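In this text, all values refer to a predicted model and were calculated from it rather than measured experimentally.
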Amino acid sequence: MNQDYIQPDNWSIIEEGFDKERVKSSESLFSIGNGAMGQRANFEEQYTGPTFQGSYIAGVYYPDKTRVGWWKNGYPEYFAKVLNAPNWIGINIEINGEQLDLNTCVSVSNFRRELNMQEGWLSRSFTATLQNKLEIEVKVLRFLSLDLDEVGAINYQVKPLNGEATIKFQPYLDSGITNEDTNWDDQFWDTLNVSTENEQAFIEARTMKTAFHTCTFMQSSVFVNNTKQEQTPEIDKQEHTVSFTYTVSVNAGETASIQKFGGYTVDRNHDKNQLVSAAKKALDTASNLGFNALLNNQKEAWSKIWEMSDITIDGDVKAQQGIRFNIFQLNQTYSGKDSTLNIGPKGFTGEKYGGSTYWDTEAYCIPFYMATKDQKVARNLLQYRYNHLEKAIENAGKLGFNNGAALYPMVTMNGEECHNEWEITFEEIHRNGAIAFAIFNYYRYTGDYSYIPEMGLEVLIGIARFWQQRATFSTDKNKYVILGVTGPNEYENNINNNWYTNYLAKWCIDYALEQIEKVKEGYNDDYLRIAGKTKITDNELEAWKKVADNMFFPYSEKHQVYLQQDGFLDKELITVSDLPNEDRPINQKWSWDRILRSPYIKQADTLQGFYFFEDQFSTEELKRHFDFYEPFTVHESSLSPCVHSIQAAKLDQMEQAYTFYLRTSRLDLDDYNKEVEEGLHITSMAGTWMSIVEGFGGMRVKNDTLHFEPRIPKEWEAYSFKVNFRDQILKVNVSQAETTFELEGNTDLNIIINSNPLTISPNNLVKV
């Protein structure tokens, strides 16, 4: 834990007291989104202190030219970046001739910021004394509408406390925006037109290179003591900005306020020549509803989301706050409506990692969306990869692979690899396996096989072809080896025979062969179509099987464990417990050379394989591997604690499981890795959900049946969760005394709990 200023609360993220050193961290933690757009929690008014301005539009990106010291053949030409979009939230506030700026106020007191996760809104309030000695009270509330996902709303109130005030509200739009992480300080936006009509304003802009067309829009009204003021604002139009200025006068104790609607229309959803018309329609709909009605709709929309996705924890407020924060951010980031979108590691909260798609989606996010949404949402995530299959084949071709071999990108926006670190781009090929595993996992959970003959089998064939070509036959070992890779543990680069990668390769080939036979037997028309398209032959399938059946797996007879990679035991095996605290995190304190020579593991690597393929190993094998590898793991990846929590719970090592759960659930709230100001770890938040449902709840799917082995930390009185399993919603409640099940559905559901069969009837509480 590196910070501890967020107030414990079951349903809200609360900050009390203004501290300039926390501004950028809070901008991340209090971010809001609605699946179509999102914002860091920047102040609406001017702020001249350190800040990280960020507004983002889903699916809008820029291919920033890669910047490296030494170019290598096959290197991605660009690193795609989610773009900091034109700013619509800005409202300059001038009071008796002085700009409101918390960085320059004489004093700021009673500062309170709240992100209400239950209802989906962000508020901020404070009392400030300006340089001109006027004392004011400010209250602000804003949200991004789930119902009208092109629209956001702000209500900004100012009350002078010790004198009269002339207040100028200046709402504005600004397209002169840059990114924090630009490689070459490029201008990403080309402003095409700035226009106004009545009290509405529009900036039409186009991204450089990718040519996404957007319209940023706003409409405002001012009030005194809740009475709307009919006045014509002063209009100022510049090359990249447009603003309206309203002036009102109030006495001490009276309230002046402005309500602002704004947002974006995008040519992903509208004709690029009709963006202003679409913006007018969105503004008219919002203004006709009014701020309060739109807010009530927001509360109702979030209520429906929480009805299915909430996890309750009794007796541990910080644990409860942590899981709800994770679930809230996941639902803000991805709604599942659009199969052309995916889930960036930072969501709408920052620019690190480019905002692109990683293997995190398949390995961590799909289980959450399968269980808490309609299965179509998870299917859309799989369809996203199918839509990029040709690009994956192209990516493999750039590296010398042929015959339709597919290498899915480590990082992508449009299917093309766009990562700018050599050891990731060329070596972290295990991402291919996560995509195949997600296809298996989707069918295992939903029972929907149709995806495989329709789309998935082509993906599996491309992946299997890659693995067969990527393996090398070693005459010394008389086995197939995979050389020059990076596993999930990125603190090891360019190593040979990473066990996790080799095991995935074998599994992917075996699974592809199994599905080819299944589709051939049960979906012959699809098989003939796919066989004709991919030109698979019996000789080729035999070559695949030869590789899978003869894959090399490094193993230590002494320790009775699979080795993370060749030569792991050559390291000086000093455990993390012997690392001085001042050396942590090692990725910020040590040279890369020192990290690579150390035994320290960034995240689950060998143990990631044991998580994916638990059924293929005994509990005793899991324990040996967990006890061997976890002591060397520094957990400096956001993806690490959740896997370890699940496995510790499986092993009934509940103290460890609980510690890892707190770390994964409060990774950002407590800033464990000292980087929260860069944005939140959105994709790993799905792992937090898994650590309760799969970890403490012990939920697995085996032979088309839900299995549970529930456990509960001693710190909790009870916890509950819901899962949508094959169109039946099952609620599970685990207390220190018992476990109960309730079923919403029309037919009985057979489950296995602690190895014992149990039948649950609809609307009937069953206690165990």
Side chain to side chain donor-acceptor pair (under 3.5 Å) evaluation trace for Tyr658 with Asp316: CA-CA 11 Å; Tyr658 176 72; Asp316 191 339; 2.5 Å; yes
Audit row: Trp716, Phe696, ring pair (Phe, Tyr, Trp, His ring centres under 6.0 Å) steps and yes/no: CA-CA 11 Å; Trp716 298 357; Phe696 300 137; 5.2 Å; yes
Worked verdict on Phe328 versus Phe325 for ring pair (Phe, Tyr, Trp, His ring centres under 6.0 Å): CA-CA 5 Å; Phe328 178 73; Phe325 180 67; 7.5 Å; no
Check against side chain to side chain contact (heavy atoms under 4.5 Å, CB included), Leu381 and Ile343: CA-CA 9 Å; Leu381 290 170; Ile343 308 155; 4.2 Å; yes
Residues Ser25, Tyr5; criterion side chain to side chain contact (heavy atoms under 4.5 Å, CB included); working and verdict: CA-CA 11 Å; Ser25 292; Tyr5 69 87; 3.7 Å; yes
Derivation and outcome, side chain to side chain contact (heavy atoms under 4.5 Å, CB included), residues Leu607 and Phe628: CA-CA 10 Å; Leu607 292 177; Phe628 182 78; over 6 Å; no
Verdict with reasoning, Met370 to Asn441, per side chain to side chain contact (heavy atoms under 4.5 Å, CB included): CA-CA 10 Å; Met370 283 194 301; Asn441 203 18; 4.1 Å; yes
Residue pair Tyr600, Phe632: steps toward the ring pair (Phe, Tyr, Trp, His ring centres under 6.0 Å) verdict: CA-CA 5 Å; Tyr600 300 122; Phe632 298 113; 7.2 Å; no
Steps toward side chain to side chain donor-acceptor pair (under 3.5 Å) verdict (Glu351, Tyr56): CA-CA 9 Å; Glu351 296 158 22; Tyr56 308 102; 3.1 Å; yes
Working for salt bridge (Lys or Arg N to Asp or Glu O under 4.0 Å), residues Glu394 and Lys391: CA-CA 5 Å; Glu394 182 182 309; Lys391 281 288 186 182; 3.7 Å; yes
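Between the side chains of Thr361 and Tyr334, no donor-acceptor pair is found at a separation under 3.5 Å. A side-chain N or O of Thr664 and one of Thr688 form a donor-acceptor pair less than 3.5 Å apart. For the residue pair Asp566/Asn496, the side-chain donor-acceptor check at 3.5 Å is not satisfied.
No donor-acceptor pair under 3.5 Å is formed between the side chain of Glu630 and the backbone N or O of Asp627. Between the Asn497 side chain and the Ile482 main chain, a donor and an acceptor come within less than 3.5 Å of each other. Not one N or O on the side chain of Asp510 forms a donor-acceptor pair closer than 3.5 Å with the backbone of Ala548. Checked by atom type and distance alone, the side chain of Ser591 pairs as donor or acceptor with a backbone atom of Arg594 at under 3.5 Å.
Scanning for side chain to side chain donor-acceptor pair (under 3.5 Å) contacts around Glu614 gives Arg700, with sequence neighbours left out.
Under the side chain to side chain contact (heavy atoms under 4.5 Å, CB included) test applied with Ile435, the options Leu382, Leu460, Ile463 reduce to a single match, Ile463. None of Tyr442, Phe613, Trp359 except one satisfies the ring pair (Phe, Tyr, Trp, His ring centres under 6.0 Å) rule with Phe437; the exception is Phe613. Under the salt bridge (charged side-chain N to carboxylate O under 4.0 Å, His left out) rule, Glu636 has a single partner from Arg584, Lys589, Lys602, which is Arg584. Under the side chain to side chain contact (heavy atoms under 4.5 Å, CB included) rule, Cys642 has a single partner from Tyr364, Phe660, Tyr611, which is Tyr364. A ring pair (Phe, Tyr, Trp, His ring centres under 6.0 Å) with Phe610 holds for exactly one of Phe626, Tyr500, Trp499; it is Trp499.
Using a 4.0 Å cut-off between charged nitrogen and carboxylate oxygen, Asp4 and Lys318 count as a salt-bridge pair. Using a 4.0 Å cut-off between a side-chain N of Lys or Arg and a carboxylate O of Asp or Glu, Lys398 and Glu417 do not qualify as a salt bridge. No salt bridge links Glu27 with Lys24; every basic N to acidic carboxylate O contact stays at or beyond 4.0 Å.
Pairing each heavy atom of Leu596 with each of Lys571, the nearest pair is O-NZ, 2.8 Å. The two atoms that bring Leu389 and Ala406 nearest to each other are CD1-CB, 3.9 Å, heavy atoms only. Scanning both residues, Tyr358 and Glu362, for their nearest heavy atoms gives O-OE1, 3.6 Å. Scanning both residues, Arg40 and Ser28, for their nearest heavy atoms gives NH1-OG, 2.7 Å. When all heavy atoms are compared, the tightest approach of His430 to Thr486 is CD2-O, 3.6 Å. The minimum heavy-atom distance linking Gly415 with Asn395 is given by the pair O-ND2, 3.0 Å.
Side chains of Met654 and Lys714 form no contact here, defined as non-hydrogen atoms less than 4.5 Å apart. Side chains of Tyr672 and His635 form no contact here, defined as non-hydrogen atoms less than 4.5 Å apart. Here the side chains of Val634 and Tyr491 are in contact, with some heavy-atom distance below 4.5 Å. Residues Asn414 and Tyr61 meet the side-chain proximity criterion, which asks for heavy atoms closer than 4.5 Å. Side-chain contact between Tyr480 and Lys546 is present, with at least one heavy-atom pair separated by less than 4.5 Å. For the pair Val82 and Met413, the minimum side-chain heavy-atom distance is below 4.5 Å. Using a 4.5 Å cut-off on side-chain heavy atoms (C-beta onward), Thr606 and Val561 make no contact. Looking at heavy atoms from C-beta onward, Val676 lies in side-chain contact with Gln3 at the 4.5 angstrom threshold.
Rounding to the nearest 0.5 angstrom, the gap separating the OG atom in Ser474 from the CG atom in Leu483 is 8.0 Å. In this structure, CZ on Arg385 lies 9.0 Å from CG on Asn432, to the nearest 0.5 angstrom. One distance of note links CE of Met685 with CD of Gln329; it measures 5.0 Å at 0.5 Å rounding. Taking CD of Glu490 as the start and CD of Gln603 as the end, the distance is 6.0 Å to the nearest 0.5 Å. Atoms CZ and CG, from Phe30 and Leu680 in turn, are 11.0 Å apart once rounded to the nearest 0.5 Å. With rounding to the nearest 0.5 Å, the separation of CG in Asn498 from CZ in Phe553 is 11.0 Å.
Around atom CD of Gln588, more than 12 heavy atoms belonging to other residues, nucleotides or ligands sit under 6.0 Å away.
Between Tyr629 and His625, the ring planes lie parallel to each other; the angle is under 30°, not in the 30° to 60° tilted range. In this pair, Tyr503 and Phe617 present their aromatic rings tilted. The plane angle is within the 30 to 60° band.
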